[in-house]
> 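One structure follows; several queries about it will come next.
Letters go in sequence order (proteins before strands), and every chain restarts at 1. Values below: all heavy atoms of this structure, side chains included; hydrogens, waters and symmetry mates excluded.
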Amino acid sequence: MRHLEIVNAKSERHICMVKGLSQDSTIKDVKKAIGAQKQKYADINRQEIRLEARGKFVKDEDTLGKLGVQNQASLYFKDRGLQIGWTTVFLTEYAGPLIVYLWIYTRPWLFYGDGASSKPYASAVNIAMGAWSFHYLKRLLETMFVHRFSNATMPIMNIFKNSAYYWGFAAYVAYHINHPLYTPPSQNQVIGGLVAFVINEIGNLGVHIALRNLRPPGTKVRKIPLPTGNPFTLLFNCVSCPNYTYEIGAWVSFTIMTQCLPAGLFCLAGAYQMTMWALGKHRNYKKEFPNYPKRKAIIPFVL
Amino acid sequence: MGVLVRSYLILYNVAQCLGWTWLLTRLAPECTRLWAEGSTAPFTGQLYAAIELPLKVFQTAAVLEIVHALVGLVRSNPLLTAFQVFSRVFVTWAVVHSVPEAQTCPGLPCLLWAWVITEIIRYAYYAGNLLGWTPYAVVWLRYTLFIGLYPLGVTGELWCSYVSLARIQRQGLYTVSLPNAWNVTFNYYVVLILIMFSYIPIFPQLYLHMFRQRKKVLYGGATLKKE
């Protein structure tokens with residue numbers, strides 16, 4: 001039998017006692033017991049448990065025995081704040097850019113004044129609308145049918161932060177490309193950009209499917225991602241996160257296709273963010289798997 | 001820290017300290033003279049003419065501090081440094097240099113006094129630290145004067161920006177419109193308004209940060225004892 005004291009990691013204040021656990025009890029059981037006592041933390045996703053006040057959090061699946069938690073010991077508790085499901089966040093942040101872009105594509109009076117919608121559309125403008133919509137439609141469908149998330153939730157503020165980013169950039173890019181005074185690049189440049197865009201989108205989808213198949217349904221299993229039968233996944237031989245490599249490739253192509261500097265800025269911001277994520281994931285892979293193959297994080301042979 | 005790096009940083013901070021002192025030797029007499037004459041005159045541009053050169057040279061040189069933080073010569077956070085330096089360089093060039101109304105605005109002496117005193121003490125403090133001897137008076141001033149000078153500086157910056165808006169909009173200053181080959185637009189008028197609004201969330205944070213630093217540096221010993 002184990003009785004544990006739960007202490008706030010920041011203030012070191014007593015939160016509650018958890019009783020009647022065994023050495024086979026998991027951290028998840030501890031969290032449930034806390035949630036049963038403290039209504040505020042009933043959603044165990046917002047709970048974080050640490051062995052030391054400033055230590056790293058421990059996983060839900062770990063048992064007290066394995067972690068070496070003795071009877072009468074203290075565990076440190078951190079409130080991660082109100083949580084929201086990943087799927088909700090993803091659907092909200094991706095639906096926005098689709099709706100915003102398509103709305104601005106109609107050249108509303110609000111942005112361009114009267115009569116803008118009756119001015120001619122260059123074919124590059126129509127192609128860009130198609131490419132943009134395709135990308136976000138693909139993301140929405142992937143969120144619903146492909147992705148398997150390892151964390152069920154994230155802090156609720158993320159939905160506002162992420163939506164502001166995606167919705168804002170969508171409006172910024174759409175405003176310029178759909179402007180009646182937009183100057184399209186040469187036809188060859190548009191076609192070249194479009195072809196590269198499509199290739200990268202296919203690559204990105206292929207990698208997402210490969211990552212999905214790596215994780216059996218309903219689990220949090222993590223494995224080393226490797227190339228599958230799909231030739232687009234061969235990029236796993238060079239980098240840990242080829243989905244990001246393809247995504248950046250797609251936005252570079254989109255920028256070339258539209259020759260629009262705001263699209264380039266969107267690409268740059270995304271590339272920076274994805275590079276940060278990729279470096280983090282790459283580090284985790286190397287730490288988790290001692291036999292992790294030699295590869296870069298996101299840009300083959302470079303980074 | 002290597003000898004070369006240390007020498008360079010000492011040189012840089014001493015140069016900056018002297019540079020801002022030079023600015024003070026132009027600012028102070030000019031202000032006193034204009035005050036004595038009862039002239040409305042920061043307000044006729046004489047003040048700006050007197051300090052234009054040292055202001056541009058030494059405020060722009062502060063960009064080097066971003067580089068120092070980026071390449072790791074100093075331990076400051078590059079982003080925070082960039083932010084602080086950028087806002088000043090921005091006001092110097094994009095507002096005061098660019099718009100005559102800002103040069104004759106009472107906001108100009110406000111920001112100049114705030115910047116000059118802050119910078120002389122700040123660079124003296126850094127130089128002292130590098131040389132291994134900082135008089136307590138300098139430490140105390142660095143972590144005390146900001147209480148009044150920081151709000152004064154912000155007032156001056158916002159004031160100068162505000163009086164610039166009309167001309168920026170009228171003349172379309174630094175504004176890029178379509179059509180152009182890169183399909184980009186830039187509306188300085190809107191951007192300046194956004195920057196002015198950004199002071200609302202940012203200023204309290206930086207101000208409170210300085211108070212925390214003050215507590216840590218001036219009374220750090222006391223808190224340690226308590227624990």
> Let me confirm one number: the OG1-OH distance from B:Thr185 to A:Tyr182, rounded to the nearest 0.5 Å.
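Rounded to the nearest 0.5 Å, the OG1-OH separation comes to 13.5 Å.
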> Got a sec: does the CE of A:Met17 have more than 12 other heavy atoms crowding it under 6.0 Å?
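Count over threshold, so yes.
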> When you look at OH of B:Tyr174, are more than 12 heavy atoms from neighbouring residues, nucleotides or ligands closer to it than 6.0 Å?
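Counting other residues, nucleotides and ligands, OH of B:Tyr174 exceeds 12 neighbours.
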> Top residue by heavy-atom pair count (under 4.5 Å) with chain A, among B:Asn180, B:Asn183, B:Leu178?
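Of the options given, most contacts go to B:Asn183.
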> Enumerate by number any residue of residues 57-73 of chain B whose heavy atoms lie under 4.5 Å from heavy atoms of chain A; in the absence of such residues, state 'none'.
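Heavy-atom contacts from residues 57-73 of chain B to chain A are absent.
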> If contact means a heavy atom pair closer than 4.5 Å, which residues of residues 144-171 of chain B contact chain A?
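So no residue qualifies.
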> Are there more than 12 heavy atoms of other residues, nucleotides or ligands under 6.0 Å from atom CG of B:Leu79?
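Count not over threshold, so no.
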> Above 12 or not: heavy atoms from other molecules or residues under 6.0 Å from CZ of B:Phe186?
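Buried by this count: over 12 neighbours within 6.0 Å.
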> Quick test of your reading: applying ring pair (Phe, Tyr, Trp, His ring centres under 6.0 Å), list the pairs with at least one residue in residues 76-95 of chain B, sequence neighbours left out, ordered by first then second residue.
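For residues 76-95 of chain B: B:Phe86-B:Phe90, B:Trp93-B:His97.
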> Ignoring hydrogens, what is the shortest heavy-atom contact between B:Pro179 and A:Thr183? Give both atom names and the distance.
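Smallest heavy-atom distance, with atoms named: CB-OG1, 3.8 Å.
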> Can you list every salt bridge (Lys or Arg N to Asp or Glu O under 4.0 Å) pair that touches residues 168-197 of chain A, not counting sequence neighbours?
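Output for this query is empty, none listed.
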